[in-house]
Amino acid sequence: MKALVYVDVGKVEIRDVEKPQIESDEVLIKTKFATICGTDENISEGKFPAKTGVILGHEASGIVEEVGKSVPNMKPGEPVICAPYLVCGRCLPCRAGRYNVCMNRKHLGIEVDGLFAEYFKLPGYAVYPAPPGMSLEEGALVEPASVAYHAVRRTSPTPSDSVVIFGAGRIGLLVLQSVAAFGCQRIIVSELIGRRLPLAEKLGAHRVVNPQNENLKEIVKEETDGKGVDIVMEAAGIPETIAETVELVRSAGKICLIGIPENPVEFDFMTLVRREIDIVTSDASLIGYEKTHELVAKKIIDVRPLITHTFHFEDISKAFEVAKGQEALKVLIEFPD
Ligand SMILES: [Zn+2]
Ligand SMILES: [Zn+2]
């Protein structure tokens, strides 16, 4: 079968590889749709390490091709969505239901073969039926939607909370819809790329700010009677915006860090401590959390407006080029029947 392989630092290419053989606890899936994530781009550019020879990709949907003997309740032909990492089920975080930070976690497309391939395999626990009302195009985006929803859930928002979201990119727009799904109505989105702001408005932001032209701090003051917002969600991963979170949140408010900066960040810990601000962090997703599947299926988290481009698998290198541009949000890859 054909697969996109990480050959060496900064070099990826489509190669002919063996079709995966499944063990009794695994499922073989015929890939239907996949999406390109920032991690894939960083690996392809040599900015993020991956195992040499690994098949890239970790966001996809597909059709069950073969089911291992010990996998319950699954049959060939079934449309499915997937969690993109392997967990041990035995470490403390796993046992506490926080398997997204399993101490023995292995990521698809980084340490083990991913799913930019005609077929891929996963343990049964990482494969879920696509719920009614969800297309497989949407199914490929359940993973990033779960990343966003998980991050928001970590802050336990209530409908009266005011929220600032840094970033209206792929994750930021999903964070926005997740915050809205919790009933929050006062949501301010800050984004430097101006053309993303109308979509943020359409997807639930009550105010959008381009910090190049407007003073976010003043706007937050104005919107909150000078108090600061209840929650700041940082999905941009820029050192300056991470540092700024502490200036926007009220005393005893919450900051959630999702974006990952490339460099260390200077942070005002004095203010953080003196005002008892909680910092929570969020990594990966609890994709098995069925609430997210339901929210995507019901378009409460609508992933469709995020799909800006579609390419056939054979044109995946072109797709990577487009995904790096500012015009792209999610680039969808369609696999042959
Ligand atoms: Zn991803
Ligand atoms: Zn574990």
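The model shown is predicted, which means the values in this text are computed figures rather than measured ones. Both ligands and their constituent atoms are indexed starting at 1 by order of listing.
With the Zn ion (ligand 2) at the apex, C94 SG and C91 SG define an angle of roughly 110° (rounded to 10 degrees). When rounded to 10 degrees, the angle formed at the Zn ion (ligand 2) by SG (C88) and SG (C102) equals 100°.
We find the CZ-SG distance between R105 and C91 to be 10.5 Å, quoted to the nearest 0.5 Å.
A salt bridge is defined here as a Lys NZ or Arg NE, NH1 or NH2 lying under 4.0 Å from an Asp or Glu carboxylate O, and E314 with K2 fails to meet this definition. By the 4.0 Å N-to-carboxylate-O rule, R170 lies too far from E59 to be salt-bridged with it. Electrostatic pairing of K324 and E45 counts as a salt bridge here, judged by a charged N lying under 4.0 Å from a carboxylate O.
Cation-pi geometry between K32 and F335 is not satisfied (NZ or CZ under 6.0 Å from the ring centre, within 45° of the ring normal).
For the side chain to side chain contact (heavy atoms under 4.5 Å, CB included) test with V127, the passing option among M74, E26, K121 is M74; the others fail.
For Y149 and F182, the ring centers sit closer than 6.0 Å to each other.
Counting only distances under 2.8 Å, and ignoring water, the protein N, O or S atoms around the Zn ion (ligand 1) are C37 SG, H58 NE2, E59 OE2.
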